[in-house]
Amino acid sequence: QLQASGGGLVQTGGSLRLSCAASGRTFSSYAMGWFRQAPGKEREFVAAIRWNGGSTAYADSVKGRFTISRDNVKNTVYLQMNSLKPEDTAVYYCGADQYWGRFTSDKYDYWGQGTLVTVSS
């Protein structure tokens with residue numbers, strides 16, 4: 001129901017834009033979030049956006065570099081990633097939460113399959 005795309009290999013300082021497209025149902029009333037999981041590490045919160053786009057939240061590690069946005073007409077959420085660093089390397093997952101303000105993966109109800117982002121030094 002959630003399909004993440006846009007990952008790839010990029011050099012340090014480069015940019016990528018991830019997309020998360022919903023199908024089969026609408027998530028326009030859900031908060032949407034991006035999480036990431038690096039090898040050997042737990043899934044961690046990256047960014048989230050309220051159902052109407054009125055509020056956003058970011059992990060400290062990506063503030064000022066990443067921007068989350070959504071288009072409820074297209075049923076799609078985006079993550080613009082700039083100034084990428086090697087430590088941003090991970091599989092990125094999008095998720096949907098019926099409530100706003102819960103930034104842990106165990107609270108999210110729906111997940112996409114993940115897209116790999118690799119940042120080379």
Side-chain angles (χ1 to χ4, degrees):
Q1 289 180 321
L2 293 174
Q3 180 80 28
S5 62
L9 174 64
V10 63
Q11 292 185 334
T12 297
S15 298
L16 282 174
R17 188 195 197 202
L18 306 184
S19 298
C20 175
S23 61
R25 66 169 294 154
T26 179
F27 289 97
S28 58
S29 64
Y30 281 69
M32 300 295 294
W34 286 96
F35 289 73
R36 66 187 182 187
Q37 189 165 17
K41 295 188 177 181
E42 293 186 354
R43 191 171 297 191
E44 65 174 2
F45 170 75
V46 175
I49 187 166
R50 204 178 189 117
W51 70 273
N52 60 356
S55 298
T56 57
Y58 297 92
D60 287 343
S61 58
V62 307
K63 277 182 182 176
R65 300 188 297 122
F66 291 10
T67 302
I68 188 171
S69 61
R70 67 188 298 164
D71 184 334
N72 284 342
V73 173
K74 295 182 178 180
N75 224 8
T76 302
V77 179
Y78 305 97
L79 185 68
Q80 178 66 44
M81 305 187 296
N82 298 328
S83 303
L84 282 161
K85 305 174 181 180
E87 50 263 44
D88 295 318
T89 295
V91 177
Y92 283 71
Y93 298 90
C94 60
D97 184 1
Q98 61 179 320
Y99 299 110
W100 169 249
R102 309 189 303 180
F103 306 132
T104 58
S105 58
D106 62 315
K107 302 299 185 185
Y108 277 63
D109 306 299
Y110 300 91
W111 290 99
Q113 87 291 355
T115 185
L116 176 62
V117 172
T118 304
V119 184
S120 63
S121 57

Trainee: Measure across M81 and V117 and return the closest heavy-atom pair with its distance rounded to 0.1 Å.
Mentor: CE-CG2, 3.8 Å

Trainee: Is there a path of hydrophobic side-chain contacts, each under 4.5 Å between heavy atoms of I, L, V, M, F, W or Y residues, that connects Y93 with L116?
Mentor: yes

Trainee: How about S15 and V10: do any of their side-chain heavy atoms sit closer than 4.5 Å?
Mentor: no

Trainee: Using modelled atom types and a 3.5 Å cut-off, is there a donor and acceptor pairing between side-chain atoms of Y58 and backbone atoms of I68?
Mentor: yes

Trainee: Is F35 reachable from V91 through a run of hydrophobic residues whose side-chain heavy atoms are each under 4.5 Å from the next?
Mentor: yes

Trainee: Exactly one of T89, T115, D88 should register a side chain to side chain donor-acceptor pair (under 3.5 Å) with R36. Which one does?
Mentor: D88

Trainee: Are L2 and I49 connected in a single hydrophobic cluster, I mean Ile/Leu/Val/Met/Phe/Trp/Tyr linked by side-chain heavy atoms less than 4.5 Å apart?
Mentor: yes

Trainee: Check the hydrophobic clustering (I, L, V, M, F, W, Y; side-chain heavy atoms under 4.5 Å; chains of links allowed) and say if F103 and W51 are grouped together.
Mentor: no

Trainee: So, using ring pair (Phe, Tyr, Trp, His ring centres under 6.0 Å) as the criterion, who are the partners of F27 when residues are at least two apart?
Mentor: Y30, Y110

Trainee: Quick one: side-chain contact (heavy atoms from CB on, under 4.5 Å) partners of Q113, sequence neighbours excluded?
Mentor: Q3, A4

Trainee: Calculate, to the nearest 0.5 Å, the distance between atoms OH and CH2 belonging to Y78 and W34 respectively.
Mentor: 10.5 Å

Trainee: Nearest 0.5 Å, please: how far is CZ in F66 from OG1 in T56?
Mentor: 14.0 Å

Trainee: Is there a side-chain contact (heavy atoms from CB on, under 4.5 Å) between L79 and T67 once you walk through the steps?
Mentor: CA-CA 6 Å; L79 185 68; T67 302; over 6 Å; no

